[in-house]
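The structure appears below as structure tokens.
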Amino acid sequence: MADPINTEKTPDGAAATTGFTTPACSPCDETQPPDCCMVIFGASGDLVRRKLMPALYKLFRCNLLPKGFFVIGAARTAMTDDSFRAETEASLRAAGDFDEGLWAEFSKSLFYRSVTYADHSSYSGIKGALDELAPGRSNGNCVFYLATPPAVYAEISRGIIYSGLRGSGWSRLIIEKPFGSDLKSALALNSELYTNYNEDQIYRIDHYLGKETVQNILMLRFANAIFEPLWNRRYIDHVQISAAETLGVEKRSGYYEQAGVLRDMFQNHMLQVMCLAAMEPPSVYESELVRDERVKVLRALRPFNGDDINDHLVIGQYGEGAIDGSYVRDYRREEGVAQKSQTPTFAAMKLYVDNWRWQGVPFYLRSGKRMKKRFTQVTIQFKGVPHSLFRRALPGEPGPNALILRMQPDERVQLKFHTKSPGGRVCLRDVVMDFPYTLDYMGVTLDAYERLLLDCMLGDKMLFVRSDGMALSWSFLTTVLNLIEERTEHSPKLYKYTAGSYGPAEAETLIQKDGRDWVDYGEDDA
Ligand code: BG6
């Protein structure tokens, strides 16, 4: 008979007792992809150094790359295989967890060719390397990763075809965000890609979908019988999704000045997380069915209109302030930012999903740079009790229950409820039932990019954004962007907020005028 209590050790050595007998998965359960290679365009860039190469190195360490796997880095910068390897080595060392022996092996699979994206004859270096390396190693299968500025996505997608980089097996194209800058440009890019690729070959990245705790939203909702009956307008008062960052614009002002927080965080990450919190259960946990359900949420979003925009949206830009005791300068004084920049670095939004389950339940979304703490979380705020038995003994109503899904930094699920305080006859206190996400799990976890690279090699598109989802989220947001960027008297005002705060006071008002409050980072209970 199975042991009813699972008593594995937690990473800090304490015995954990979850009481579940469900077998834990480990990366050993991950599938190694079929033979393939990867050509990464934009290989001299920051994303490749900070995210993609460390992700590939980790997959290599976990034995999750196919045997003959190799990478051809390609970019405008002139570099040799050796200098590309040296750059990669430096960034892996800086990231820590570096193993000399493994690196010696892994580095042999890295190559570099320079290319001028608009000049298709310059792709011959990549073609030559593929012809030389692919036989016996990749079975003609190749992932092409576009980690370049978006302006050259279409050009490279054509270059791959015209210079014959596609092999005899499958070809897949990973496109980094932003996929377009509004509905029109996103649709134009899509049609351009469709001239040479079909939807099945296009992998639109939203790295939030690759985060463990974001994937966990569906597991929590649909692998447990206790939440789903409550997950609707009868029991949920509202939902909050917050993604607060302490980072500022860093060295990305060129991009960020054009994008702002709505394109950078809402069009993709925030709306995708919301889809997971709001979607219906698919009949099977299978890529297209899950993607269908995510898309249905976007289709049900109530569009904003010009008249009530200020009741639904607050935008802000950070001014100077302090984070963790260090001075932080005003956004407009960041390098490369216009002195009179109108780019929002913060937004708070109230949304409605017009369907049976969610009618009348507001979703409050909030994201900003240079905020007090880094945290991303979904809060399901339940309704209060219908009738308070304790009204004679208590000064007020017991507050509502909340389920908190903290995505980062300290991943956990928390349920807030009330219990009797020992002592006085009628004395309630608020308590938190807390599940740290790694409890009972000793194995290695894959981070977002590791997960997504692996899934693409495996041909699993569940965690990638499909074209209809991409178009719907742009369609929803383009109305908002137009209202902001047309700068008429109806346009939302840009409020200044102090770096190191939780955004402008007007964002508090947005939710407070509905009689609610933002749930901030649980500093006391984490
Ligand atoms: C990126 C945005 O997509 O997500 C960045 O372009 C943002 O501006 C980042 O900082 C946040 O990701 P994470 O994983 O750090 O929450």
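Heavy-atom basis, side chains included; hydrogens, waters and symmetry copies ignored. In each ligand, atom 1 is the first atom listed, and ligand 1 is the first ligand listed.
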Which ligand 1 atoms, with their elements, are less than 4.0 angstrom from a heavy-atom of [X]?
X	answer
His269	1 (C), 3 (O), 4 (O)
Gln408	13 (P), 16 (O)
Lys177	1 (C), 2 (C), 3 (O), 6 (O)
Lys369	5 (C), 7 (C), 8 (O), 10 (O)

In terms of its nearest heavy atom to atom 8 (O) of ligand 1, the top option of Thr345, Asp264, Val249, Leu247 is Asp264
Note: heavy atom closest to atom 5 (C) of ligand 1, options Glu245, Arg374, Arg252, belongs to Arg252
Problem - Min heavy-atom dist His207 to ligand 1 below 4.0 Å - result: yes
Residue, atom and distance of the protein heavy atom nearest atom 14 (O) of ligand 1 read Lys211 NZ, 2.6 Å
Legend entry - Pairing of Asp237 and Arg516 as salt bridge, 4.0 angstrom limit: yes
For this session: Give a yes or no on whether a salt bridge exists between Asp292 and Arg466, defined as a side-chain N under 4.0 angstrom from a carboxylate O.
Result: yes
| With no hydrogens and no angle check, do the side chains of Ser242 and Arg366 hold a donor and an acceptor under 3.5 Å apart? | yes
Would you kindly say whether Tyr318 and Ser501 are connected by a side-chain donor-acceptor distance under 3.5 Å?
no
**Q.** Lys/Arg cation over aromatic Phe464: Lys461, 6.0 Å, 45° cone
**A.** no
*Is NZ or CZ of Arg204 both nearer than 6.0 Å to the six-membered ring centre of Phe179 and within 45° of the ring axis?*
yes
- Verdict with reasoning, Phe363 to Trp358, per ring-ring contact (aromatic ring centres under 6.0 Å, His included): CA-CA 9 Å; Phe363 284 72; Trp358 293 115; 5.1 Å; yes
Honestly, for Tyr208 the part within reach of ligand 1 (heavy atoms, under 4.0 Å) is side chain
